[in-house]
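Within every chain, numbering begins at 1; the chains are lettered A, B, ... in the order of the sequence lines, protein sequences first and strands thereafter.
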Amino acid sequence: MKEYDHKKIEAKWQKEWEKKEVFNASDFSKKPKFYGLIEFPYPSGEGLHVGHIRSNTAMDIIARKRRMEGFNVLYPIGWDAFGLPTENYAIKTGISPEKVTKINTDIFRRQLKSIGFSFDWSREVNTTDPKYYKWTQWLFLQFLKHDLAYKAKININWCPKDKIGLANEEVVGGCCERCGTPVEKREKEQWMLRITKYADKLDKDLDDVDFLEKIKLQQRNWIGRSEGAEIGFKIKSSNSNVEDEIKVFTTRPDTIFGATYVVLAPENELVSNLKSKISNWEEVEKYIVKAKAKAEIERSADEKDPSTGSGQAKTGVQLKGLIAINPANNEEIPVFIADYVIATYGTGAVMAVPAHDERDFAFANKYNLPVLVVVSGGDGNSAYVGDGKMINSGKFDGQDSELVKKEITKFVGGKWVTKYKLRDWVFSRQRYWGEPIPVVHCDKCGVVPLSEKDLPLKLPKIAKYEPTNSGESPLAGISKWVNTKCPKCFGKAKRETDTMPNWAGSSWYFLRYCDPKNSKKFADIKKLKYWMQVDWYNGGMEHTTLHLLYSRFWNKFLFDIGLVPFSEAYKKRTSHGMILAKNGEKMSKSKGNVINPDDIVKTYGADTLRMYEMFMGPFDQAIAWGEDNIIGVRRFIERVWKIQNKVVSKTVFDTNMARTVLTTEEYKKFETLLHKTVKKVSDDIESMRFNTAISSMMILVNFMDKIEQIRKSDFEMFLKVLSPFAPHVTEEIWAELGDKKILSTEAWPKADPNKMKETEITIAIQINGKVRAETFITSDMSEADIIEYVKRLEDVDKWIAGKEIRKIIYVPLKLVSIVV
RNA sequence: GCCCGGAUGGCGGAACUGGUAUACGCGCACGACUUAAAAUCGUGUCUCGCAAGGGAUGUGGGUUCGAUUCCCACUCUGGGCACCA
């Protein structure tokens with residue numbers, strides 16, 4: 001018998017598939033199309049991660065199944081290659097990011113090919129290729145044209161020692177990741193994309209897509225749509241009669257009679273506007289400076305209150321000299337600033353109702369502010385946030401709190417409004433390794449976009465990749481590149497030196513895959529019409545609120561201006577669990593716990609690695625890497641390899657083979673199991689339960705192991721369902737059995753329901769909820785027959801003899817439960 | 001602090017709508033083959049008990065003829081976070 005030589009077999013079929021272009025998608029084919037997508041990898045210096053293999057194999061199995069089901073499948077791959085690690089590596093080593101990217105993508109490509117993924121390599125894209133980013137720049141100009149891109153002053157993280165802006169990721173515990181210096185906030189003008197304009201659509205259209213519920217929930221929470229009231233609180237001050245007003249936003253206007261103070265965010269403009277009327281300005285200013293210095297994450301992460309050991313330690317300062325008027329009851333109440341109120345949400349000010357809001361309650365306790373209950377139902381010891389009958393609320397007393405919200409808003413002269421948590425997207429970076437933003441600044445004409453014929457605006461070659469001391473990108477130092485002519489008036493102008501974030505290229509790559517080589521357009525609309533939407537997109541949960549939302553936003557915008565055919569980019573979205581290192585930590589180069597898949601491919605083979613990663617646990621759950629179980633999958637594949645020697649053609653097949661008692665009846669049992677397995681594998685792939693699909697195939701193989709002969713057609717049926725998991729070895733056996741055509745293009749088998757029926761079924765018998773016996777029944781017995789039969793069984797009789805039967809429950813084909 | 005998951009043998013895990021808990025795999029033990037070992041194959045493997053039977057799905061309650069599954073409270077653990085008023 002031929003040895004199972006995975007190295008030879010895998011290399012052979014990878015070459016064969018490539019030569020025959022088995023996996024190339026064909027535009028406009030008459031077959032139904034299927035577009036399966038995985039998040040394209042960032043080609044890091046660490047090489048392919050075992051986590052990539054897990055998620056890519058999952059979609060590969062689906063893509064391969066769809067192909068066998070007769071679909072024209074697009075399963076593309078590319079490189080999301082702009083980004084910080086490559087740039088930081090360039091700063092450290094002086095090697096150009098371009099070169100580093102080339103080296104890394106070469107490694108990734110080789111590794112991915114060695115696993116046997118059925119990617120259409122002819123459509124490979126790379127976000128750092130000028131032919132690609134020409135269109136990223138062009139798309140940015142469309143945003144600019146439609147007033148969805150604008151400049152605004154934004155606080156950024158600033159390292160005063162390195163004199164550069166830092167990404168959130170580079171801030172560790174409030175300090176610069178590299179030098180440990182405490183990070184400051186600095187105002188900088190940034191390009192913004194107006195994603196908030198799409199907040200409503202991005203939220204509502206989730207109703208119509210097939211995303212996992214937890215993904216929808218997370219996006220909804222992120223967008224944070226909420227309806228509430230905007231209400232003005234008049235301000236009185238001791239040294240002025242001019243009327244100012246604090247606008248607050250609240251979802252609980254029904255509690256307004258219980259508002260005993262008002263709180264502004266420290267950054268709220270009104271605070272400085274009212275400076276002249278605030279008697280303790282020095283104290284207030286100190287607090288503002290302190291609050292601004294705190295990282296947002298620190299402001300949001302609560303510390304335990306040392307006095308109570310629980311709850312929230314809130315800080316704030318009263319704005320002395322100011323008095324607000326509660327419009328519901330005309331009570332005079334104090335005004336505070338506190339950093340638990342944030343400037344960017346709502347109106348940057350809240351009315352505080354300590355009796356019915358936990359944060360207000362904690363704050364009121366700390367500063368000894370009155371707590372006035374206006375909705376009954378609480379116990380008085382904590383904030384009651386539920387609904388109930390209203391009290392202490394004037395003419396609203398006795399009404400249901402949840403029903404009067406709009407009416408009470410009207411009563412105090414407020415407006416009913418919708419607010420979103422979502423903020424506009426900061427779209428510029430002061431970095432080198434990103435798409436240059438294609439505009440110039442002209443003294444006469446202002447911001448002038450480049451024209452399409454000037455795209456791509458290529459990154460110039462430079463010697464040093466560090467940002468400049470002024471916080472500008474290194475591009476600012478290339479005067480030859482910066483100084484240019486205004487495309488409008490041809491006068492002197494300067495180029496924008498900011499680049500785009502790494503999210504830019506990934507916001508539309510799924511569109512480029514439909515038409516990756518087009519030099520006239522970002523993608524041809526006819527091809528987009530054929531391939532879009534993405535039928536199934538699998539990715540990590542960590543991309544739910546940024547990449548996934550951003551790309552939905554881009555697609556919606558492009559739909560609105562008529563450039564893409566669907567408003568939603570993705571029909572279906574699922575997510576995978578992360579693979580962690582043995583100890584449960586994340587794998588990373590710095591921890592030295594990264595697993596190199598090359599070694600496993602060499603020792604066990606790609607088929608074993610693929611199957612092992614699918615078998616190790618539930619696909620949607622995180623799992624710690626361990627190699628103890630790999631051997632089990634390898635043994636399984638070797639067993640399948642050996643079984644090919646028992647395969648005989650139909651005419652020679654003998655159901656009465658002496659050694660194995662494969663009588664007609666026994667064969668029927670096998671046939672039933674085979675068809676059940678085919679059904680289970682088919683179903684499990686659709687619900688991404690790859691681990692149980694594999695275990696059911698193992699059960700079938702264990703059965704086949706014990707039989708002397710296998711009918712060829714039966715074995716082939718099994719090979720087909722195994723092939724998406726272990727494509728190389730199945731392809732080889734398929735050829736060994738004398739089949740000329742490639743297995744990957746064969747038709748997916750259908751399980752025959754008639755052959756899955758079992759004639760004899762084991763049922764359990766419970767007495768008072770405990771299993772006491774089991775017995776066989778045949779499928780033609782009626783319920784009454786079964787119950788009578790069961791009652792007469794010896795094992796049952798000893799439990800029920802002489803007792804009164806109170807109840808008998810029959811669960812079809814499962815059990816009989818007798819209560820005595 | 002908030003939100004979303006998870007907790008089942010020695011280990012990874014299975015049990016799909018409440019219906020025989022521990023499938024499948026690893027490991028381990030014993031046996032066969034072998035001069036021997038590896039590989040392979042076979043048998044066994046939650047726990048207490050001689051048995052009848054009892055106890056086990058993180059902990060404590062509840063609903064039910066019946067709960068890994070549903071409800072309440074809690075512990076531990078993974079992930080996310082923008083105190084969202």
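Across all strands shown, A:Lys770 has heavy atoms under 4.0 Å from sugar-phosphate atoms exclusively, and none from any base. Residue contacts for A:Leu217: at a heavy-atom cut-off of 4.0 Å it reaches the sugar-phosphate backbone alone, with no base atom in range. When heavy atoms are screened at a 4.0 angstrom cut-off, A:Lys814 is found touching the sugar-phosphate backbone but no base atom. Among the atoms of the strands shown, only primed sugar atoms or phosphate atoms (P, OP1, OP2) are found under 4.0 Å from some heavy atom of A:Ser226. A:Asn702 comes within 4.0 angstrom of the backbone, heavy atoms only, and of no base. In this structure, A:Arg225 reaches neither bases nor backbone, as no heavy-atom distance under 4.0 Å exists between it and the strands shown. As judged by a 4.0 angstrom heavy-atom cut-off over every strand, A:Val811 is placed among the base-contacting residues. No engagement by A:Arg220 is indicated, since no non-hydrogen atom pair under 4.0 Å with the nucleic acid exists.
No more than 12 heavy-atom neighbours from other residues, nucleotides or ligands sit within 6.0 angstrom of CD on A:Glu269.
A:Glu227 is linked by a salt bridge (charged side-chain N to carboxylate O under 4.0 Å, His left out) to A:Arg225, counting only residues two or more places apart in sequence or in another chain. Under the salt bridge (charged side-chain N to carboxylate O under 4.0 Å, His left out) criterion, A:Lys669 pairs with no residue, sequence neighbours left out. Applying the side chain to side chain donor-acceptor pair (under 3.5 Å) test to A:His52 and every residue at least two apart in sequence or in another chain returns nothing.
Remark: B:rA51 base-pairs with no nucleotide in the shown strands. Criterion, Watson-Crick or G-U wobble with two distances under 3.5 Å. Base pairing of B:rU69 is not made with any nucleotide, judged by Watson-Crick or G-U wobble geometry with both donor-acceptor distances under 3.5 Å. The pairing partner recorded for B:rA29 is B:rU43, the criterion being a Watson-Crick or G-U wobble arrangement whose two distances lie under 3.5 angstrom. If you check B:rC76 for Watson-Crick or wobble pairing at under 3.5 angstrom, you find it paired to B:rG6. The partner of B:rU35 cannot be assigned: no Watson-Crick or G-U wobble pair with both contacts below 3.5 Å exists in any strand. Across all strands shown, B:rC81 forms a Watson-Crick or G-U wobble pair with B:rG1, both key distances being under 3.5 Å.
Side-chain atoms of A:Trp222 lie closest to B:rC81 of the nucleotides B:rA85, B:rG25, B:rC81. When the nucleotides B:rA85, B:rC26, B:rG53 are ranked by their closest atom to the side chain of A:Ile631, B:rC26 comes out on top. Side-chain proximity of A:Asp357 to B:rA85, B:rA82, B:rC65: nearest is B:rA85.
Rounded to whole Å, the distance from CH2 on A:Trp641 to C1' on B:rA39 is 18 Å. Rounded to an integer number of Å, the gap from A:Glu542 CD to B:rG79 P is 12 Å. Separating the CG atom of A:Asn768 from the P atom of B:rG53 is a distance of 15 Å, rounded to the nearest angstrom. For the pair A:Ile763 CD1 and B:rG66 C1', the interatomic distance rounds to 15 Å; values are reported in whole Å. Computed from coordinates, the A:Lys405 NZ to B:rA85 C1' distance equals 11 Å when rounded to whole Å. At whole-Å resolution of the value, CG in A:Leu212 and P in B:rG79 are 20 Å apart. Taking atom CZ on A:Phe211 and atom C1' on B:rC4, their separation rounds to 18 Å, with Å as the unit. Between A:Asp339 atom CG and B:rG1 atom P the separation is 18 Å, expressed in whole Å.
Heavy-atom distances to RNA chain B give each of A:Ile223 and A:Leu815 a nearest nucleotide, and the one nearer the 5′ end belongs to A:Leu815. Between A:Ile809 and A:Thr545, it is A:Ile809 whose nearest contact on RNA chain B lies nearer the 5' terminus.
With P as the reference atom, B:rU57 and B:rU69 are 9 Å apart, rounded to whole Å. Nucleotides B:rG1 and B:rC74, compared at atom P, are 12 Å apart to the nearest Å. On the C1' atoms, B:rU47 is 14 Å away from B:rA21, given to the nearest whole Å. Annotation: B:rC41 and B:rC4 have their C1' atoms spaced 48 Å apart (nearest Å). Across B:rG58 and B:rC16, the matching P atoms stand 16 Å from one another, rounded to whole Å. Comparing the C1' positions of B:rC70 and B:rG25 gives an interatomic distance of 31 Å, to the nearest angstrom. With C1' as the reference atom, B:rG62 and B:rC11 are 34 Å apart, rounded to whole Å. Atom name P, nucleotides B:rC30 and B:rA15: the rounded distance is 34 Å, in whole Å.
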*In the 5'-to-3' direction, what one-character label does each nucleotide of nucleotides 12-17 of chain B receive under the scheme B = base within less than 4.0 Å of a protein heavy atom, S = sugar-phosphate only, - = no such atom?*
BSSS--

*Protein proximity profile, nucleotides 42-50 of chain B - base contact B, sugar-phosphate-only contact S, no contact -, cut-off 4.0 Å on heavy atoms*: ---------

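Under the 4.5 Å side-chain criterion, counting only non-hydrogen atoms from C-beta, A:Tyr345 is not in contact with A:Arg423. For the pair A:Val350/A:Thr250, no side-chain contact is recorded, criterion being any heavy-atom separation below 4.5 Å from C-beta on. Using a 4.5 Å heavy-atom threshold, the side chains of A:Trp222 and A:Leu546 count as touching.
Between A:Tyr612 and A:Trp625, the gap from one ring centroid to the other is short of 6.0 Å. Residues A:Tyr261 and A:Phe336 place their aromatic rings such that the two centres sit under 6.0 Å apart.
Between A:Lys214 and B:rC4 there is no side-chain polar atom (N or O) within less than 4.0 angstrom of OP1 or OP2. Considering only side-chain N and O atoms, A:Arg635 lies under 4.0 angstrom from the phosphate OP1 or OP2 of B:rU40. A sub-4.0 Å separation between OP1 or OP2 of B:rC84 and a side-chain N or O of A:Arg252 is absent.
At a cut-off of 3.5 angstrom, the base of B:rG80 holds no donor-acceptor pair with the side chain of A:Gln218.
Distance check: A:Glu783 CD to A:Ile777 CD1 gives 10.5 Å after rounding to the nearest 0.5 Å.
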*Take A:Glu39 and A:His543, measure what side-chain hydrogen bond (donor to acceptor under 3.5 Å, both in side chains) needs, and give me the verdict at the end.*
CA-CA 9 Å; A:Glu39 286 158 351; A:His543 288 120; 3.2 Å; yes

Side-chain atoms of residues 809-820 of chain A: list all donor-acceptor pairs with protein atoms under 3.5 Å, sequence neighbours left out, distances to 0.1 Å.
residue  : atom : partner  : partner atom : Å
A:Tyr810 : OH   : A:Leu813 : N            : 3.2

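The glycosidic torsion of B:rG9 lies within 90° of 0, which places this base in the syn conformation.
With hydrogens and angles left out, the side-chain atoms of A:Arg634 and A:His6 include a donor and acceptor closer than 3.5 Å.
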